[in-house]
Amino acid sequence: MNKLYKGFRKKPFFCDVKLVNKRESHLKSQVVISQLFSKGKVITTPPFRLVYLSRKDLKTNGSQILISVPKKRFKLAVSRNAIKRKISEAFRLYSSDLKAFLNKTNTHLAIGFIYIGSRELRSEEAPKKMQEALEKLLKKLKENEIE
RNA sequence: AGGGCAAAUCGGCUUAUCGCGGGUCUUGUAAAAGGCAUGAGGAAAGUCCGGACAUCAUAGGGUAGCCUGCUUCCUAACGGGAAGGCGCUAAUUUAUUAGUGACAGCAAGUGCAGCAGAGAGUAUAUUUCCCAUUUCGGUGGGUAAAGGUGAAACGGUGAGGUAAGAGCUCACCAGCAAGAUUGGCAACAAUUUUGGCUAGGUAAACCUCAGGCGAUGAAAGAUCAAAUAAACUUCGGUUUGAGGGCGACCCGCCCAAUCGGAGAGGGUAGAUUGCUUGACCCCGUGAGUGAUUGCGGGGCUAGAUAAAUGAUAAGCUAUUACAGAAUCCGGCUUAUAGAUUUGCUACAUAA
RNA sequence: GGUCUCGUGGCCGAGUGGCUUAGGCAUCGGUCUGCAAAACCGAGUACAGCGGUUCGAAUCCGCUCGAGACCU
């Protein structure tokens with residue numbers, strides 16, 4: 001946690017965790033992806049479908065995300081890219097609670113965001129939807145923790 | 001001042017905060033942190049052509065297949081471009097302008113042309129016209145001017161000629177073929193001589209002629225690391241030439257002691273490189289009608305790998321067109337809101 | 001990233017440039033029947049789009065759109 005607080009002195013306007021979204025937080029491993037889709041649990045909130053898989057046996061903690069937009073609904077590469085960017089930006093801004101929880105409980109979480117909306121994601125509604133989805137996810141994770 | 005057409009250029013900018021990719025510098029044992037500048041197109045698209053580069057193959061020849069098709073030039077090359085020629089269309093100024101053309105050959109050969117029509121290619125006679133004959137209903141022969149059909153019907157005008165006619169003969173005209181001269185690098189144009197009197201359409205039908213083309217694509221390939229099995233079982237063939245290679249086929253040539261089929265089974269899929277200095281861009285200047293190119297000076301301008309360019313706020317008419325690099329170049333085609341510049345053009349308004 | 005194929009009524013599907021297109025299933029109307037099925041008779045509905053070649057294009061050529069397959 002100390003690492004993350006390092007930039008806090010210079011930029012005091014933002015909250016307790018620094019908001020980064022680096023390469024390391026992308027989900028790349030084919031093994032993990034196949035496990036995610038075969039064993040993972042699913043939450044559906046209107047524009048997204050979340051697939052997640054939490055593990056405690058790994059040494060690292062934190063989250064790795066994967067974003068998928070179907071080519072069948074969005075023909076243009078430009079619009080697909082725009083949706084992906086909006087999702088990742090929204091996740092970057094509103095995932096601080098989730099990250100704090102994961103650090104506390106020392107879990108590794110793989111999340112897949114699948115966009116199931118039929119229209120393009122508008123930038124003003126993206127943060128609201130993301131917050132809803134993440135709150136739902138956090139609640140589920142806490143329930144599991146108690147069990 | 002606005003409208004239309006054509007060509008060219010741009011197709012977002014500024015500030016603040018946060019964030020991402022690779023690069024570089026600083027701090028740090030390291031992990032990492034911070035600073036700096038930089039980071040998506042005119043089409044990045046379609047994959048329709050042409051190259052570079054790489055691997056495989058390569059004594060050589062022929063055939064097949066595919067592509068291109070007026071001429072000369074440009075270019076690394078092209079199915080691209082420039083200039084010119086010819087045809088067609090439109091306009092008028094009637095010989096110019098603008099647009100446009102897969103624009104070699106049907107006078108090498110073969111095929112095709114429904115319906116209609118007498119006849120659709122060495123074709124032919126329905127109605128006419130003329131002659132002969134007649135049982136006066138017709139029959140036989142000659143003829144192709146006129147009517148009619150069709151997308152398309154085998155030159156036109158006049159004279160001679162004839163039973164009636166006909167390029168049957170002649171003159172002129174149109175068009176064709178061959179030759180000559182002149183101009184042009186050439187396509188071709190102009191003039192002229194001779195010929196036979198007419199040659200129809202279709203090659204985006206087969207085809208002929210001329211020219212060109214080896215195949216596969218960066219998921220190509222190279223290096224390193226890790227792992228390992230040129231192994232095992234079984235069947236068949238072989239110095240009396242089997243088998244393999246020359247990745248369409250044939251001739252021919254080469255290799256040569258091993259080759260082929262089946263079974264069971266093992267391993268890898270990570271890193272670096274290829275990767276961005278290039279037929280590059282900008283400026284000046286010379287050559288050329290032009291495409292293009294010579295010389296000099298300056299510049300470095302994405303290089304990711306489940307894949308970076310974003311978000312928020314404010315302002316500029318602005319949430320605002322079409323749209324996202326994946327080895328790299330040259331074209332073509334298609335999509336495209338708006339802005340600017342230049343040229344041409346006609347209309348209306350005002351002075 | 002690269003390569004290739006296909007597109008004909010509501011569905012399947014034939015079609016060698018020539019009568020706007022064979023056939024089957026489905027739909028609708030009629031005959032039959034007490035009613036229906038089957039059978040029989042009849043009808044409507046199509047060449048993915050645009051442009052070109054040709055007297056004439058579903059067919060030949062070019063571009064565009066859509067769908068699918070393969071390499072990996």
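Note on naming: letters A, B, ... go to the chains in the order of the sequence lines (proteins, then strands), and numbering restarts at 1 for each one. Since this is a predicted model, take the numbers as computed values, not measurements.
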A:Lys86 vs A:Leu66, nearer the 5' end of RNA chain B by closest nucleotide | A:Leu66
Name the pairing partner of B:rA108, where a pair is Watson-Crick or G-U wobble with both distances under 3.5 Å, or state none.
-> none
So what's B:rA77 paired with, Watson-Crick or G-U wobble, going by both distances under 3.5 Å?
-> none
Supply the atom-to-atom distance A:Leu137 CG to A:Ser95 OG, rounded to the nearest 0.5 angstrom.
-> 11.0 Å
Counterpart base for B:rG296, defined by Watson-Crick or G-U wobble contacts under 3.5 Å | B:rC283
Span that lies between the C1' atom of B:rA271 and that of B:rA291, in whole angstrom | 49 Å
Gap in Å between the two C1' atoms, one belonging to C:rG15 and one to C:rC47, rounded | 11 Å
Integer angstrom distance from the C1' of B:rA102 to that of C:rG66 = 28 Å
A:Met130 CE to B:rA311 P, in whole Å, measures 15 Å
Heavy-atom closest contact (A:Leu134 atom, A:Leu98 atom, distance) | CD2-CD2, 4.3 Å
Whom does B:rA82 pair with, Watson-Crick or G-U wobble, provided both distances fall under 3.5 Å?
-> B:rU72
Interatomic distance at C1', B:rG50 relative to B:rA152, whole Å | 43 Å
Syn/anti state for B:rG137 [syn: chi within 90° of 0] = syn
For C:rU59, the Watson-Crick or wobble partner whose two distances fall under 3.5 Å | none
For A:Ile65 and B:rC20, give me the distance from atom CD1 to atom P, rounded to whole Å.
-> 13 Å
What is the base-pairing partner of B:rA313, counting Watson-Crick and G-U wobble geometry with both distances under 3.5 Å?
-> B:rU15
Whole-Å distance, A:Arg80 CZ to B:rA307 C1', equals 14 Å
Would you name the heavy atoms of A:Ile116 and A:Phe48 that are closest together and state the gap between them?
-> CD1-O, 3.9 Å
Set out, line by line, the N/O atom pairs under 3.5 Å between protein and nucleotides 319-327 of chain B.
from, atom 1, to, atom 2, distance (Å)
B:rG324, OP2, A:Ala77, N, 3.4
B:rG324, N7, A:Asn81, ND2, 3.4
B:rG324, O6, A:Arg85, NH1, 2.9

If the glycosidic angle is within 90 degrees of 0 it's syn, otherwise anti, so just tell me which one B:rU301 is.
-> syn
B:rA64 - base-pair partner by Watson-Crick or wobble geometry, distances under 3.5 Å = none
Are side-chain heavy atoms of A:Val42 and A:Leu50 found at a separation under 4.5 Å?
-> no
Length of the CG-P vector between A:Leu93 and B:rC18, whole Å = 13 Å
Rounded to the Å, how far apart are A:Tyr94 OH and B:rC18 C1'?
-> 12 Å
Roughly how far apart, to the nearest Å, are C:rA37 and C:rC11 at atom P?
-> 25 Å
Per the O4'-C1'-N9-C4 / O4'-C1'-N1-C2 angle with a 90° window around 0, B:rG211 comes out anti
Using a strict 4.0 Å threshold on nitrogen-to-oxygen distance, state whether A:Glu89 and A:Arg92 make a salt bridge.
-> yes
Non-hydrogen atoms of A:Arg49 and A:Thr44 that approach each other most closely | NE-OG1, 4.0 Å
Which value, rounded to the nearest 0.5 Å, describes the distance between A:Ile43 atom CD1 and A:Lys41 atom NZ?
-> 9.5 Å
Using the C1' atom in both, what is the distance from B:rU128 to B:rU143, to the nearest Å?
-> 11 Å
C:rC50 and C:rC25: how far apart are their C1' atoms, nearest whole angstrom?
-> 34 Å
Syn/anti state of C:rU54 by chi, 90° boundary around 0 | anti
Could you state the CD-P distance from A:Glu89 to B:rU17, rounded to the nearest angstrom?
-> 16 Å
Which glycosidic conformation, syn or anti, is assigned to B:rG167 if syn requires a torsion within 90° of zero?
-> syn
Partners passing side-chain contact (heavy atoms from CB on, under 4.5 Å) against A:Leu76 (at least two apart in sequence or in another chain) | A:Ser79
Expressed as a whole number of Å, how far does the P atom of B:rA76 sit from that of B:rG51?
-> 14 Å
Mind checking side-chain contact (heavy atoms from CB on, under 4.5 Å) for A:Lys84 and listing every partner two or more places apart, or none if nothing turns up?
-> A:Ile67, A:Val69, A:Asn81
When the distance from NZ of A:Lys129 to C1' of B:rA311 is rounded to whole Å, what number comes out?
-> 19 Å
Taking a pair as Watson-Crick or G-U wobble with both distances under 3.5 Å, which nucleotide is matched to B:rA144?
-> none
